[in-house]
Every structure is written in structure tokens, then in C-alpha cells.
Amino acid sequence: MSNPDVIPTVDLSPFFTTGDDEGKKNAKDLIHQACSTYGFFRVVSHGVPLELMTRAMKVSKTFFEFPDEEKLKSSPVSGSPLPAGYNKQPAHLADKNEYLMMFPPKSTFNALPTNPSEFKEVDEDLFSSFVNTAQLLETIVAECLGLPPTFLQKFNDDRNWDLMVALHYFQATDIENIGNSEHEDENIITILLQDEVGGLEVRKDDEWIPVTPIEGTLIVNRGDIVQVLSNDKYKSATHRVVRTKGRDRYSYAFFYNLEAEKWVEPLPEFSTSIGESPKYKRFVYKDYQALRMRNKTHPPSRSEDVINITHYSVPN
Ligand code: OGA
Ligand code: NI
């Protein structure tokens with residue numbers, strides 16, 4: 001029987017000790033391979049405590065089980081660059097989920113629930129823990145690309161733009177099961193914590209591969225920024241969530257993200273310096289983010305009109 005868990009598993013423990021150069025090399029080899037093929041990998045010994053992940057899942061379930069009236073008390077505050085707080089996907093959208101979005105713990109845009117009372121503390125702790133893991137992953141990915149380890153850290157040096165989203169996917173019905181339509185993430189690196197239900201899938205060679213849940217592990221995928229910087233060396237993986245009949249699904253997605261005003265374009269290391277033409281025009285990140293948000297709020301009727309990173313492709 002083939003192994004259903006085909007997403008490579010990477011042990012990050014060598015990066016939390018000194019001296020295990022062999023372990024580090026193995027991890028980097030696996031990540032490079034994963035980034036060049038699936039765009040997805042699983043991490044263990046990632047530094048986020050299991051007990052914190054369990055508590056975070058629990059407070060999220062408790063919150064989403066409340067009636068709308070209670071959840072709407074955490075509606076986004078006006079003036080927020082993105083709708084931080086509680087949101088339900090509008091009924092006309094195929095994606096059937098509701099979510100609670102947050103900026104970093106100190107952000108004045110956050111509209112975090114006060115009920116359950118431990119929600120704020122648990123989610124703020126989870127957010128901070130994800131930042132640490134993302135920071136480590138960012139240095140590893142830079143090295144895997146052949147860049148100095150601190151390259152992405154310097155490029156992505158403003159931590160005010162990271163986002164975490166607690167998601168609740170409703171049960172599938174007899175006629176529809178879309179939870180999160182196929183897409184690529186627009187940021188730098190995404191870390192995902194999912195419950196035991198399953199439904200996340202990644203596309204590889206025109207096949208949808210299930211990203212099966214394994215307790216204590218986290219799923220990592222890279223976003224469009226890395227694809228553009230690396231001039232397609234590391235492509236961002238297409239993924240989706242399919243809902244299950246009879247089961248609600250909960251997840252947390254952490255988007256390690258770039259400052260809004262930042263310009264993004266292929267690095268010379270992957271284009272002009274090696275005699276290859278840049279595959280993307282340069283753009284300001286916030287413009288792309290706005291277009292992507294519009295996909296959600298004003299979904300185009302034709303799927304080919306949904307904006308993704310090819311919007312900035314240079315015709316060859
Ligand atoms: C996303 C996403 C997957 C999940 O929010 O971009 O792909 O399992 N989420 O919730
Ligand atoms: Ni995604």
C-alpha cells in the first residue's frame with residue numbers, strides 16, 4: 001500500500017541545539033526538495049508546544065460554537081487595513097467557512113473575543129510561538145535558495161503585518177463541499193495547524209494530494225513572495241480545503257507576511273545575474289494584497305478572472 005502521508009516530514013530539532021550539523025543538512029535537503037516539488041512540508045520538533053496547540057484548538061471551537069450574536073461582538077474595527085476580527089464568508093461565496101483574523105498581539109486593530117475568557121491569551125501566545133518558528137524557517141529557506149541565511153529576515157523585517165486566522169469550516173452537504181477554493185498563499189511562509197478531520201489538499205502534477213492530519217505536527221508552505229523573489233525556483237503550491245460530511249473542521253493559519261509598502265521583484269541572483277529574464281514585473285505588496293482580498297469580497301464569475309500572482313507575469 002502506498003503511504004498516504006507523502007508530504008515530506010522535516011525534524012527541526014537540530015536547529016534548537018548546537019553541533020548537529022548532519023541533522024541540519026538533512027533537514028535543509030528535505031526542505032529544498034519539498035520546496036522544489038510539492039511546495040508543502042510537515043515539521044516536527046518545531047518549537048510550538050503541543051499543549052498550546054491543543055488549548056488553541058479548544059478555545060477556537062468554543063468560540064465558533066457560540067451564536068452569531070456573541071461572535072459578532074468581535075467584528076472588525078473600522079480603519080483596519082484587513083478585517084481583523086470575526087468574519088463569515090458571504091453566502092454568495094462557494095467557500096463555506098467563518099474565521100477570526102488577528103494581527104500581532106499588540107496591534108490596535110485586533111478585535112479578539114473576550115469569551116471564552118482565555119481566548120486572547122492563548123491566541124496571542126500561539127501567534128508569538130508561530131513567529132519564532134517562522135523566523136527559523138525563513139533562515140532555512142533562504143539558505144536552501146543559496147542566499148545568505150539572514151537575507152529574507154532583512155527583506156522581511158517588519159513584524160507588524162503578520163496575520164493569524166482561526167478558521168471554522170462547516171460540514172459538507174449532499175451537494176457542495178468547498179471549504180477554501182484552490183489558491184496559492186500570497187505571503188512569504190504559511191504555518192498551518194489543523195485538527196484531526198482532514199480535507200486540506202495540495203496539487204502536484206495535476207493530482208490532489210491529501211495533507212493528512214498528524215497530531216503535534218505543523219504544515220508549512222511558501223507563498224507567492226518567495227516565488228517572485230526566486231523567479232520561480234520555488235513555486236508556491238496550489239492547495240484547497242474540501243469539507244467533510246458530518247464533521248466540522250477547525251484550523252489555524254499563520255501568515256508570515258511582508259510590510260504593505262514593500263516592493264517585490266525577482267532578485268538579480270535568480271534573474272539578471274544568471275542571464276535569465278525576470279518572470280515578474282515589480283509591484284508594491286499592498287496592491288497585490290488588495291487584489292487578492294477583492295477575489296474574496298467580489299468573486300469574479302469566471303474562474304480565469306480570479307487574480308493570482310500571474311497578474312504580474314512578464315510575457316515571454
Ligand atoms: C488558507 C488555507 C488551509 C486550512 O487559509 O490560506 O489554505 O486548512 N487554509 O485552513
Ligand atoms: Ni492557503
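In listed order, ligands and their atoms are each counted from 1.
Asp95 contributes no side-chain N or O that, together with a main-chain N or O of Ile178, makes up a donor-acceptor pair within less than 3.5 Å.
Ring pair Tyr288/Tyr312 is perpendicular by interplanar angle, where above 60° counts as perpendicular and below 30° as parallel. Note: Phe254 and Phe127 have perpendicular aromatic rings, judged against thresholds of 30 and 60 degrees for the angle between ring planes.
Judged purely by distance below 3.5 Å, without hydrogens or angles, the side chains of Thr238 and Glu184 pair a donor atom with an acceptor atom.
Less than 4.0 angstrom separates some heavy atom of Val241 from each of these atoms of ligand 1: 3 (C), 4 (C), 8 (O). Shown in contact with Asn180 at under 4.0 Å from a heavy atom are these atoms of ligand 1, numbered in order with element: 1 (C), 2 (C), 5 (O), 9 (N).
The shortest separation from a heavy atom of Arg249 to ligand 1 is under 4.0 Å, placing the residue in contact. Under a 4.0 Å heavy-atom criterion, Phe255 is in contact with ligand 1. Within the structure, ligand 1 has Asp185 among the residues with a heavy atom less than 4.0 angstrom away. Using a 4.0 angstrom heavy-atom cutoff, Tyr169 counts as in contact with ligand 1. Close to ligand 1: His239, with a non-hydrogen atom less than 4.0 angstrom away.
Among all non-hydrogen protein atoms, the one lying nearest atom 6 (O) of ligand 1 is His183 NE2, 3.0 Å.
Among the backbone and side-chain atoms of Asp185, an N, O or S atom lies under 2.8 Å from the Ni ion (ligand 2).
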Give the C-alpha distance, both sets of side-chain angles, the deciding distance and a yes or no for side-chain contact (heavy atoms from CB on, under 4.5 Å) between Asp195 and Arg249. CA-CA 7 Å; Asp195 70 6; Arg249 177 179 186 270; 3.6 Å; yes
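Under a cutoff of 6.0 Å and an axis angle of 45°, Lys71 and Phe66 do not form a cation-pi pair.
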